[in-house]
Amino acid sequence: MAALLLFLLSSGALLSSGHAQEAYSKLADTYRKGVDLALLKLNSHAGIQHHFLYFRSIVKSDIESGFNLSYIYHHFYLKATKCPKGTVDGTACQFRNDRPLIDCAVCYKTFNGGIEPEPKPYIHCVHKPALTEEMKAARVDHCNTMGYSSGAPTLLASTSEN
């Protein structure tokens, strides 16, 4: 009986780690690039000790401006795994359930599928319990400003033939 219980627990852990990679692989390439940016920024912090994986999306927005130009907004969760920080291949890493989720919002401009350096991509990640309504509003305001500010020069540069 104990062997059966151990088998069920271990197979469930393997399935949960596989679902994390499956969820990430199902994301469109433009959204995966934003998750990768957030993971790079997260891993640059000295206080981070665990390997993190994409967990799930909350909000995704893709505004196409024409000429292969898009503005991406992605709000998602990252979750700690049992693997140490710096793990290269996270496919075998199992999620930890004793750590809070990391709540991330990213927005950036893409051209022909690549992230543009200007305006600088916005990345904001914080432990979910510490996220405030003010932070949420500031994220949305920043991303809205980023998206609309690029249209102003175009409107000012247009001329009339009248």
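Note that these values count all heavy atoms, side chains included, but never hydrogens, waters or copies made by symmetry.
- Looking only at atom types and distance, the side chain of D36 has a donor-acceptor partner in the side chain of Y24 under 3.5 Å away.
- Not a single side chain to side chain donor-acceptor pair (under 3.5 Å) links K41 to another residue, sequence neighbours left out.
- Note: F55 and F95 have perpendicular aromatic rings, judged against thresholds of 30 and 60 degrees for the angle between ring planes.
- Checking side-chain atoms of K85 against main-chain N and O of N43 turns up a donor-acceptor pair under 3.5 Å.
- Ring geometry for Y54 against H74 counts as tilted: the plane angle lies between 30° and 60°, on a 0 to 90° scale.
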So T110 and K33, side-chain contact (heavy atoms from CB on, under 4.5 Å) or not? Walk me through it.
CA-CA 10 Å; T110 64; K33 289 177 183 180; over 6 Å; no
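- A donor and an acceptor atom, one from each side chain of D103 and H124, are nowhere located under 3.5 Å apart.
- Surrounding NZ of K82 are at most 12 heavy atoms belonging to other residues, nucleotides or ligands under 6.0 Å away.
- Residues V106 and P121 have side chains not in contact (no heavy-atom distance under 4.5 Å, counting atoms from C-beta outward).
- The two residues I123 and A38 have their closest heavy-atom pair at CG2-CA, 3.8 Å.
- Proximity of a side-chain donor or acceptor of R32 to a complementary backbone N or O of S25 within less than 3.5 Å is detected.
- Test L39, T81, T91 against L53 for side-chain contact (heavy atoms from CB on, under 4.5 Å) and you get one pass: T81.
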D141 and R139: side-chain contact (heavy atoms from CB on, under 4.5 Å), yes or no, with the steps?
CA-CA 6 Å; D141 287 345; R139 287 174 168 180; over 6 Å; no
